[in-house]
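Okay, structure first, notes after.
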There are 2 protein chains.
Amino acid sequence: MTKKLRRSKQRSRMLELLRSTEQHPTATWLYDELRKEFPTVSLGNVYRNLSILVEQGYVHKLDFGSTFDRYEAADGQHAHFMCRGCGRIYDLPMPDLEGYSHRRDIDGHRLESARVEFFGVCHECAAETESS
Amino acid sequence: MTKKLRRSKQRSRMLELLRSTEQHPTATWLYDELRKEFPTVSLGNVYRNLSILVEQGYVHKLDFGSTFDRYEAADGQHAHFMCRGCGRIYDLPMPDLEGYSHRRDIDGHRLESARVEFFGVCHECAAETESS
DNA sequence: GTCCGTGCAAAAGCTTTGCAGCCTT
DNA sequence: AAGGCTGCAAAGCTTTTGCACGGAC
């Protein structure tokens with residue numbers, strides 16, 4: 001069962017910071033900001049609290065779903081489906097993105113490439129869960 | 001100027017492996033496969049060759065564009081634009097994905113969330129390059 | 001012969017974890 | 001008082017890098 005959570009000034013402030021910034025901070029950025037108010041805060045605790053906030057759904061982690069990089073041969077555009085059960089990555093046809101993919105710029109930024117990723121539970125993992 | 005590249009059995013084989021697999025391997029997986037044929041190959045060399053293959057455009061790296069995780073407060077769906085110049089991440093409205101976002105499954109996989117990322121050079125970085 | 005590619009080993013960088021004491025409830 | 005939260009430090013893991021030697025051109 002899940003632990004009952006308490007409230008901590010550090011964690012509350014972290015969420016405030018994340019909500020008040022336009023940036024998409026790294027753990028270290030948060031650490032530096034937090035240290036202005038809690039000079040003794042530790043980086044380890046920032047990571048610990050981030051993982052709690054992510055688990056609670058208050059924060060999104062913009063990583064790739066696993067701690068190591070993945071590679072694929074470069075053969076055309078496609079989207080990916082990532083299974084949170086087994087970690088497998090499936091290829092999918094690239095959706096059209098309302099024509100974005102053919103545009104040269106977005107909001108004034110020069111567009112070079114796009115990536116689309118879906119997350120969920122894959123067919124095989126869903127089958128396993130049901131049968132057990 | 002760029003170094004003139006030679007050809008190496010290890011690197012050629014790495015590309016073959018990447019092209020022959022449906023998976024999206026990690027460096028370690030490649031390392032293990034490669035060791036079956038080149039028992040003395042080193043993990044460091046796998047990384048070195050991967051970076052060469054990526055630079056040559058033969059291979060795509062499925063990372064997030066930077067070596068550390070980024071976080072954001074969870075406030076609704078949006079897409080991201082990532083600048084390869086300054087590393088900044090901008091929010092963009094989420095495109096419709098041809099209705100994918102409202103579907104419950106894709107290819108039999110249970111869909112829970114989606115992510116769209118654009119890559120390129122942001123307005124500010126483009127301006128800097130022009131003026132210098 | 002040149003100089004790129006390699007293996008080996010060490011280092012770097014981000015993230016996680018064990019522990020003892022503190023603070024919230 | 002109970003048990004989550006904290007700082008500190010050490011460890012873990014992926015990735016990078018320096019070096020001398022062997023191999024491709």
Side-chain angles (χ1 to χ4, degrees), chain A residues 1-18 23-56 58-72 82 87 89, chain B residues 1-18 23-56 58-72 82 87 89:
Chain A
M1 79 153 248
T2 343
K3 265 201 291 193
K4 180 157 185 269
L5 292 178
R6 280 168 198 170
R7 165 179 263 272
S8 88
K9 289 171 187 160
Q10 286 92 328
R11 191 162 64 236
S12 307
R13 186 71 185 115
M14 280 177 58
L15 186 51
E16 269 182 46
L17 281 167
L18 281 166
Q23 308 183 49
H24 299 69
T26 62
T28 305
W29 183 90
L30 271 169
Y31 174 55
D32 288 336
E33 286 300 307
L34 215 54
R35 245 193 321 184
K36 294 176 184 168
E37 292 162 56
F38 306 89
T40 62
V41 77
S42 66
L43 186 55
N45 199 39
V46 169
Y47 278 109
R48 220 159 6 204
N49 278 332
L50 275 172
S51 81
I52 291 174
L53 289 170
V54 168
E55 205 168 329
Q56 294 179 316
Y58 292 133
V59 168
H60 288 153
K61 189 177 176 183
L62 303 183
D63 67 355
F64 195 65
S66 85
T67 55
F68 22 75
D69 295 337
R70 305 262 196 155
Y71 300 84
E72 68 177 4
M82 243 157 295
I89 300 178
Chain B
M1 80 152 245
T2 342
K3 266 201 292 192
K4 183 158 183 267
L5 292 178
R6 281 167 197 170
R7 166 179 260 273
S8 89
K9 289 170 190 161
Q10 285 90 330
R11 191 161 62 238
S12 307
R13 187 70 184 113
M14 280 178 57
L15 186 51
E16 269 182 45
L17 280 168
L18 281 166
Q23 307 184 48
H24 299 70
T26 62
T28 306
W29 182 91
L30 271 169
Y31 173 56
D32 289 336
E33 286 300 307
L34 215 55
R35 244 193 322 184
K36 295 175 183 169
E37 293 164 53
F38 306 89
T40 61
V41 77
S42 65
L43 185 55
N45 198 39
V46 169
Y47 277 108
R48 223 162 1 207
N49 279 331
L50 274 173
S51 81
I52 291 174
L53 289 170
V54 168
E55 204 168 329
Q56 293 179 317
Y58 293 132
V59 169
H60 288 153
K61 189 177 176 183
L62 302 184
D63 68 354
F64 194 64
S66 84
T67 55
F68 20 77
D69 295 338
R70 304 266 198 151
Y71 299 85
E72 69 178 1
M82 243 156 296
I89 300 178

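Just so we're clear, the structure is a prediction, and the values are computed from it rather than from any experiment. In the text below, chain A, chain B and the rest are named by the order of the sequence lines, each starting its count at 1.
Whole-Å rounding puts the R70(A) CZ to dT14(D) C1' distance at 14 Å. To the nearest angstrom, P of dT14(D) lies 14 Å from CG of L30(B). In this structure, Q56(A) atom CD and dC5(D) atom C1' are separated by 13 Å, rounded to whole Å. Remark: C1' of dG5(C) and CG of L53(B) are 13 Å apart, rounded to the nearest angstrom. Between D32(B) atom CG and dT14(D) atom P the separation is 11 Å, expressed in whole Å. One can place CE of M14(B) at 13 Å from P of dG5(C), the figure rounded to the nearest angstrom.
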Polar-atom pairs under 3.5 Å, protein N or O versus N or O of nucleotides 23-25 of chain D: list them with distances, or write none.
from    : atom 1 : to    : atom 2 : distance (Å)
dG23(D) : N2     : R6(B) : NH1    : 2.9
dA24(D) : N3     : R6(B) : NH1    : 3.4

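Close to dT6(C), at under 4.0 Å from its OP1 or OP2, lies a side-chain N or O of Q10(B).
Scanning both residues, Q10(A) and L34(A), for their nearest heavy atoms gives O-CD1, 4.2 Å. Taking both residues in full, the closest heavy atoms of L62(A) and H24(A) are given as CD1-CD2, 3.7 Å, listed atom of the first, atom of the second, then distance. Across all their heavy atoms, L18(A) and Y71(B) have their closest contact at CD2-O, 4.0 Å. Residues T26(A) and R70(B) approach most closely at CG2-CD, 3.9 Å, considering heavy atoms. The two residues A27(A) and V46(A) have their closest heavy-atom pair at O-CG1, 3.8 Å.
Residue Y31(A) qualifies as enclosed at atom OH: its count of foreign heavy atoms under 6.0 Å is above 12.
Interface residues of residues 34-52 of chain B facing DNA chain D, ordered by number: L43(B), G44(B), Y47(B), R48(B); criterion, heavy-atom separation under 4.0 Å.
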Original post:
Going through the distances and angles, do L5(A) and Q56(A) end up as a side chain to side chain contact (heavy atoms under 4.5 Å, CB included)?
Top reply: CA-CA 10 Å; L5(A) 292 178; Q56(A) 294 179 316; 2.9 Å; yes
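A donor-acceptor pair is defined here as one N or O able to donate and one able to accept, closer than 3.5 Å; no such pair exists between the side chain of R11(B) and the backbone of R48(B).
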